[in-house]
Amino acid sequence: MSDLESFRAETRAWLEANCPAEMREPAQGEDDAYWGGRNATFQSEAQKAWFEACRDKGYTVPAWPREYGGAGLSPPEAKILREEMARINARSPLSSFGIWMLGPALLKFGTEEQKRKYLNEIARGEIRWCQGYSEPGSGSDLVSLQTFGEDKGDHWVVNGQKIWTSYADKADWIFCLVRTDKTNKYQGITFMLFDMASPGVSTKPILLISGNSPFCETFFDDVKVPKDQFVGEINRGWDVAKYLLGHEREMISGADNSERGAGIGAMLKRQAGEMDPVLRAELAMFDVDALAFSAMGEKFLDEVKVGKAHPAQPNMMKYAGTELNKRRHELVMAAGGSAALEWDSEESRGGSAARSWLRTKANSIEGGTSEVMLNVIAKRILELPGA
Amino acid sequence: MPLYHDDDQTMLADTASQFMAEEGAIAKQLRHWRDRECKDGFGHALWKQMAEMGFTGILVPEADGGLGMGHVEAGIVLEEIGRNLTPSPFLTSSVIAASALGQASDDLRGRYLPGLIAGDSVFAVAIDEGAKHRPERIATRAEKSGNGFRLSGRKDFVVQGASADMIVVAARTSGAEDDADGVTLFAVPKDAAGLDHDAVRLVDSSMASHLTLDGVELDGDAVIGEVDGGREVLSRMIDAGRVGAAAEGVGVARGAMAMTVDYLKQRKQFGKLIGEFQALQHRAAHLYSEVEIARAVTIKAQQLLDAGAQNASLMASVAKAKVGKAASLAVKEGVQMHGGIGMTDEYDIGLYMKRDRALAEFLGDAHYHAGRVAELSGY
Ligand SMILES: Cc1cc2nc3c(=O)[nH]c(=O)nc-3n(C[C@H](O)[C@H](O)[C@H](O)COP(=O)(O)OP(=O)(O)OC[C@H]3O[C@@H](n4cnc5c(N)ncnc54)[C@H](O)[C@@H]3O)c2cc1C
Ligand SMILES: Cc1cc2nc3c(=O)[nH]c(=O)nc-3n(C[C@H](O)[C@H](O)[C@H](O)COP(=O)(O)OP(=O)(O)OC[C@H]3O[C@@H](n4cnc5c(N)ncnc54)[C@H](O)[C@@H]3O)c2cc1C
């Protein structure tokens, strides 16, 4: 047996022994996932067991080096682990902005000391992070941000307001874009890290159309941030921010997800007995697009690994993936019929179809809107003039 | 297997790209033969050159004198053919007929493959019996006659049928029109008595024939595969053709897109390059996404076919459908964004639109394949 084949066999056996049955079906929305952090609670014994087994094995971040809390898997090994987890529908043991966004940025821009501290905390689910990018006047035009950090020698004093900060009220720390030089638009932003428990930080939840309130307005009122808590270089935080956005976009695109088309057709049959031919046709076209996108996701990840992907490609993945996900949930609603309209019945698992449908509308907004993705593709990949 | 080309495949792509851009270019081939109303719709000299390059025998096993490569490699050549709209018998002969012959007797392989590899022979395939692709339904009959068969029926959309030295014909040796079983494949030589072509020129200037088989007598050794058990050979050959057509479609889409993006960077209106208008930028960026995705799933389908994977046939349909939609978008946006000049014969963009339409129908359009995806997915 080759090394990879034996790795697959070991992985399969390990998953068999460690992944509880309840963790082998999809989570019902974001609240059903485990997010870690200082105040974390588990939804079930199974969720706890699964998280702890993965944490101890380094499988919350399988491809990160061991010294930073990962399992140090090679790219082919990490792919095998992903495939084997997908095979049994295993849930992700830990949902985390630290893993998806900050971690990759720290791996690239962090000091050795920062890596050892923060990456290990992230890998072990000890600290939950939130992302402080957007401001009321700075969404798509992010570099126009106004939150200001005044230089006080050994620390900054930060004042300003962020908005749409996902889970700010539940997070322990924030990675935050702060203007440190008002004279230079791009090269006047510093990428700071600080504790949400710092005096002067306050949050106010915003209710969403899905009825949940996973994000907040976040206020900074004379927040003291020690001078060594920044990533990259002072005033060059935009480089870190952009790199991180690439990972965020890749994550939101669902490039890694291959189960998109499954199940809706069967549901349609169940609900209606006989299938509405027009709806079936739409579903069939969706399946074509979904299966094709899943091949694109595979190709993209393969190319990223060997540096063949265009650096702006995550924008394309994000655009196509999120538009597709919205379409999928439109079809889930159509196939579900009146049953999918139920908002809080037990039968509907607390309105999970309807709430998920509404939640997906954010996919083409968060992490940069579809329009902004198209702008980037036009400019950086197709090299169209102007704008 | 990673979903990109390895070093050898990249080398082949470079070679094919250069060759097709030089020898298979639109002015040199498509326009040249079209303007002469060529009865074949393609040039035999180019076919011979493609043989010298080793392209013709890509899918032919080494034991039979070919290169023994796979659908990924055939797809590389097809994408370049698509990009340059190069008329050639590559798809029907080197991909579809070759994959049928791969399952034929030593005798048939010995009879036909050397001519293919040398670029001396051209093959066609006769499947459809109407204006839409419905291979589930085969009415053409093959009755036992002596130690052979007598074929009677009518076939449509036989691409390059009248120019072909041999035609792979799907006929029914038993059962009813819609039965899966009872289908047999035959290698019908061009000079068989009772074989008649009504050759017609299509919108893309290619030639296709309405084929009549009026008591065509064949020896028993003209059978490809098993008598009555041809459905499987037929399906595999069709899948090879669908994935091949998808690869060519990707080339058509990429060619049309490149031309259009180029035009957006040159044409000025309202004092600006039209590529500066966001209305056009967004549509171009959307088109790019669709074409990239279509290309990815085509490579996926090629790899699955090469691996003999169980879901290869499903993915062949996904690829054909996705490419169908993406290439159609590419040519429509192409003509539109060229404005008035896009409507002129002198400009090449319209030729892409014509080729796309013909390729879209070949072996099933996007609607047919989406329906098949639904069926194979159980709804
Ligand atoms: C569920 C959710 C979670 C989020 N989580 C976070 C978070 O954790 N942290 C964080 O910092 N932010 C977060 N965001 C904010 C998100 O990044 C912004 O909403 C997004 O960048 C868009 O900014 P905006 O809302 O200000 O929209 P605007 O920029 O005001 O855009 C409004 C509309 O105009 C369009 N538009 C704007 N500029 C252009 C242009 N140049 N060309 C064409 N069209 C344009 C947009 O596409 C959009 O359709 C989250 C958002 C959502 C919905
Ligand atoms: C069959 C036919 C018959 C015709 N007959 C006549 C006739 O009898 N008399 C006559 O005078 N003219 C005639 N025309 C010309 C016709 O009016 C022009 O083709 C048309 O106005 C478009 O101009 P254009 O071809 O220069 O395209 P362009 O202006 O170069 O446009 C190219 C592309 O860019 C787009 N574009 C241009 N500007 C913008 C913008 N600001 N924002 C977004 N997109 C933009 C266009 O929509 C188009 O897709 C005819 C054209 C055709 C095709």
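In what follows, every chain begins at residue 1, and chains take the letters A, B, ... in the order their sequences are listed.
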_Heavy-atom cut-off 4.5 Å, strictly under: side chain, backbone, both or neither for B/Val261 against chain A?_
both
*Heavy-atom distance under 4.5 Å to chain B: side chain of A/Ala292, backbone, both or neither?*
both
*Just give me the residue among A/Asn315, A/Val376, A/Asn375 that pairs up with chain B most often, heavy atom to heavy atom, under 4.5 Å.*
A/Asn375
*Would you call A/Asp302 and A/Lys308 a salt bridge, using N to O less than 4.0 angstrom?*
no
*So, A/Lys318 side chain and A/Gly368 main chain: donor-acceptor pair closer than 3.5 Å or not?*
yes
*Salt-bridge contact B/Arg357-B/Glu361 (side-chain N to carboxylate O under 4.0 Å)*: yes
*asked:* Out of A/Glu303, A/Lys305, A/Met373, A/Glu323, return the one with the most heavy atom pairs under 4.5 angstrom to chain B.
replied: A/Glu303
*Could you look at B/Arg372 and say if it's the side chain, the backbone, both or neither that has a heavy atom under 4.5 Å from chain A?*
neither
*asked:* Which one wins on heavy-atom pair count under 4.5 Å against chain A: B/His369, B/Lys325, B/Glu375, B/Met257?
replied: B/Lys325
*asked:* Under 4.0 Å between a side-chain nitrogen and a carboxylate oxygen: does that hold for A/Glu5 and A/Arg8?
replied: no
_Atom group of B/Glu292 that falls short of 4.5 Å from chain A, counting heavy atoms_ = both
*Go through the atoms of B/Ile299 and report whether side chain, backbone, both or neither lie under 4.5 Å from a heavy atom of chain A.*
side chain
*Can we say A/Glu84 and A/Arg87 salt-bridge, meaning some charged N sits less than 4.0 Å from an Asp/Glu carboxylate O?*
yes
*asked:* Between B/Glu80 and B/Arg254, does any side-chain N to carboxylate O distance fall below 4.0 Å?
replied: no
*Given that the side chain runs from C-beta out, which part of B/Lys272 has a heavy atom under 4.5 Å from chain A: side chain, backbone, both or neither?*
neither
_Check: B/Tyr347 and B/Met259 side chains under 4.5 Å, non-hydrogen atoms_ = yes
